[in-house]
*Asks:* 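Below is one structure. I have some questions about it.
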Amino acid sequence: MSCSLRPVERAHRGRVEALVRATGLFRPSEAETAVEVLDESLAGEDDYRWLGAFDGDTLAGFVCWGPTPGTEGTYDLYWLVVDPARHGQGIGTQLLSDVERRLRTDDGRLIVTETSSRADYEPTRAFYEHRGYTRAATIPGYYTPGDDLVIYSKDL
Ligand SMILES: CC(C)(COP(=O)(O)OP(=O)(O)OC[C@H]1O[C@@H](n2cnc3c(N)ncnc32)[C@H](O)[C@@H]1OP(=O)(O)O)[C@@H](O)C(=O)NCCC(=O)NCCS
């Protein structure tokens, strides 16, 4: 069942933080960062754009992306998070596809996203790889010794 896609609003701050925490993948400080970035966007900052996937009134997932400073037509995908109880139902694909569609109509050329080499990110890496993203670069030991930064990109 597909969700309806619409803006994330102030009322969803707590839910955004809870969803980031619920993945079990991110540090607590990253959940706080997500809410801070949402606040900046709601205050009119255009560097970060948000879209929520809603099941009725419930935020089931969200995506946050924005233009990469100093580039022409390159965009960073900062967050893509789906409620773990709803993984595998197509919500992440729905959100990602909609961002790509928006970027194509907005002179977007390249989309870049960063993830980790950790084993618990294997489903995340598979998700991107199955959706046309290629592993563009790796920085060994970036996060911690043995935990590499893995950068994916997709030519739109
Ligand atoms: C990655 C993520 C956004 C995918 O969202 P989703 O709604 O589960 O994805 P979809 O249902 O659209 O697609 C399922 C695909 O995702 C992959 N996947 C990733 N995690 C999964 C999970 N826990 N359960 C089922 N499928 C998962 C599967 O490999 C599947 O791939 P396939 O269709 O090519 O076989 C979601 O799993 C998530 O929030 N993960 C934690 C946060 C994260 O890693 N975000 C990305 C970096 S910020």
Side-chain angles (χ1 to χ4, degrees), residues 1-8 12-41 45 47-69 74-104 108 110-144 146-156:
M1 186 197 66
S2 75
C3 288
S4 72
L5 302 183
R6 42 180 210 270
V8 180
H12 308 121
R13 292 170 88 252
R15 178 70 174 159
V16 163
E17 187 169 352
L19 287 176
V20 173
R21 288 185 195 278
T23 65
L25 287 178
F26 302 106
R27 292 184 300 277
S29 65
E30 291 181 282
E32 290 160 24
T33 302
V35 174
E36 285 167 18
V37 170
L38 174 61
D39 286 342
E40 287 174 23
S41 301
E45 174 60 69
D47 288 348
Y48 301 95
R49 299 158 193 187
W50 291 72
L51 186 66
F54 290 84
D55 181 2
D57 288 335
T58 304
L59 185 68
F62 67 87
V63 61
C64 170
W65 74 102
T68 309
T74 300
Y75 286 78
D76 271 299
L77 192 70
Y78 296 113
W79 301 89
L80 175 61
V81 174
V82 172
D83 181 350
R86 306 285 305 267
H87 281 180
Q89 297 179 12
I91 298 171
T93 303
Q94 198 187 350
L95 285 164
L96 188 62
S97 302
D98 204 76
V99 170
E100 292 175 359
R101 182 187 60 76
R102 286 163 189 253
L103 293 185
R104 283 194 185 95
L110 191 69
I111 184 160
V112 176
T113 190
E114 297 183 354
T115 184
S116 149
S117 67
R118 269 176 16 214
D120 52 355
Y121 276 94
E122 164 54 29
T124 301
R125 296 192 299 274
F127 173 83
Y128 287 121
E129 286 167 14
H130 293 170
R131 278 150 194 83
Y133 287 72
T134 47
R135 195 185 276 237
T138 301
I139 302 181
Y142 181 83
Y143 293 108
T144 61
D147 183 2
D148 308 342
L149 168 66
V150 183
I151 302 174
Y152 282 96
S153 68
K154 181 173 180 176
D155 192 337
L156 293 171

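All ligand and atom numbering here is 1-based and tracks the order in the structure.
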*Asks:* Measure up the Tyr121 and Phe26 rings against each other and bin them: parallel (under 30°), tilted (30 to 60°), perpendicular (over 60°).
*Replies:* perpendicular
*Asks:* Using distance alone, with no hydrogens and no angle criterion, decide if Arg125 and Thr115 have a side-chain donor and acceptor under 3.5 Å apart.
*Replies:* no
*Asks:* Nearest protein heavy-atom contact for atom 41 (C) of ligand 1: which residue, which atom, what distance?
*Replies:* Leu25 CD1, 3.6 Å
*Asks:* Can you tell me the protein heavy atom closest to atom 9 (O) of ligand 1 and the distance?
*Replies:* Phe127 CE1, 3.5 Å
*Asks:* Counting from 1, what ligand 1 atoms have a heavy atom of Val81 closer than 4.0 Å?
*Replies:* 39 (O)
*Asks:* Heavy atoms of the protein only: does one fall short of 4.0 Å from atom 2 (C) of ligand 1?
*Replies:* no
*Asks:* Give me the residue, atom name and distance of the protein heavy atom closest to atom 28 (C) of ligand 1.
*Replies:* Pro123 O, 4.7 Å
*Asks:* Do me a favour and list the nearest non-hydrogen protein atom to atom 8 (O) of ligand 1 with residue, atom name and distance?
*Replies:* Gly88 N, 2.8 Å
*Asks:* Please report which non-hydrogen protein atom sits nearest to atom 36 (C) of ligand 1, along with the residue it belongs to and the distance in Å to one decimal place.
*Replies:* His87 NE2, 3.4 Å
*Asks:* Using the ring centroid of each side chain, check whether Tyr133 and Tyr128 are separated by less than 6.0 Å.
*Replies:* yes
*Asks:* In terms of residue, atom name and distance, what is the protein heavy atom nearest to atom 45 (N) of ligand 1?
*Replies:* Leu80 O, 2.6 Å
*Asks:* The criterion is ring-ring contact (aromatic ring centres under 6.0 Å, His included); which residues satisfy it with Phe54, sequence neighbours excluded?
*Replies:* His12
*Asks:* So that I can tick it off, tell me whether Glu17 and Arg13 are bridged by a salt bridge, with the cut-off set at under 4.0 angstrom between side-chain N and carboxylate O.
*Replies:* no
*Asks:* What atoms in ligand 1 come closer than 4.0 Å to a heavy atom of Thr93?
*Replies:* 10 (P), 12 (O), 13 (O)
*Asks:* Looking only at protein heavy atoms, identify the closest one to atom 30 (C) of ligand 1 and say how far it is in Å.
*Replies:* Arg131 NH2, 4.5 Å
*Asks:* Quick check on Asp120: does its CG atom have over 12 non-hydrogen neighbours (other residues, nucleotides or ligands) under 6.0 Å away?
*Replies:* yes
*Asks:* Mark yes when over 12 heavy atoms from residues, nucleotides or ligands other than Tyr142 sit less than 6.0 Å from its OH; otherwise mark no.
*Replies:* no
*Asks:* For ligand 1, find out whether one of its N or O atoms is nearer than 3.5 Å to an N or O atom of Gln94.
*Replies:* no
*Asks:* Under 4.0 Å between a Lys/Arg side-chain N and an Asp/Glu carboxylate O for Arg15 and Asp83?
*Replies:* yes
*Asks:* Determine whether any heavy atom of Thr115 lies closer than 4.0 Å to an atom of ligand 1.
*Replies:* no
*Asks:* So, Ser116 versus Asp147: side-chain donor-acceptor pair below 3.5 Å or not?
*Replies:* yes
*Asks:* Name the closest protein heavy atom to atom 11 (O) of ligand 1, giving the residue it belongs to and the distance to 0.1 Å.
*Replies:* Gly90 N, 2.6 Å
*Asks:* Do the charged groups of Glu100 and Lys154 touch, with an N to O distance under 4.0 Å?
*Replies:* yes
*Asks:* Does an N or O from His130, backbone or side chain, lie closer than 3.5 Å to an N or O of ligand 1?
*Replies:* yes
*Asks:* With a 4.0 Å heavy-atom cut-off (strictly under), which part of Tyr152 contacts ligand 1: side chain, backbone, both or neither?
*Replies:* neither
*Asks:* Using a 4.0 Å cut-off to any heavy atom of Tyr128, which atoms of ligand 1 qualify?
*Replies:* 46 (C), 47 (C)
*Asks:* Decide whether an N or O pair under 3.5 Å exists between Thr124 and ligand 1.
*Replies:* yes
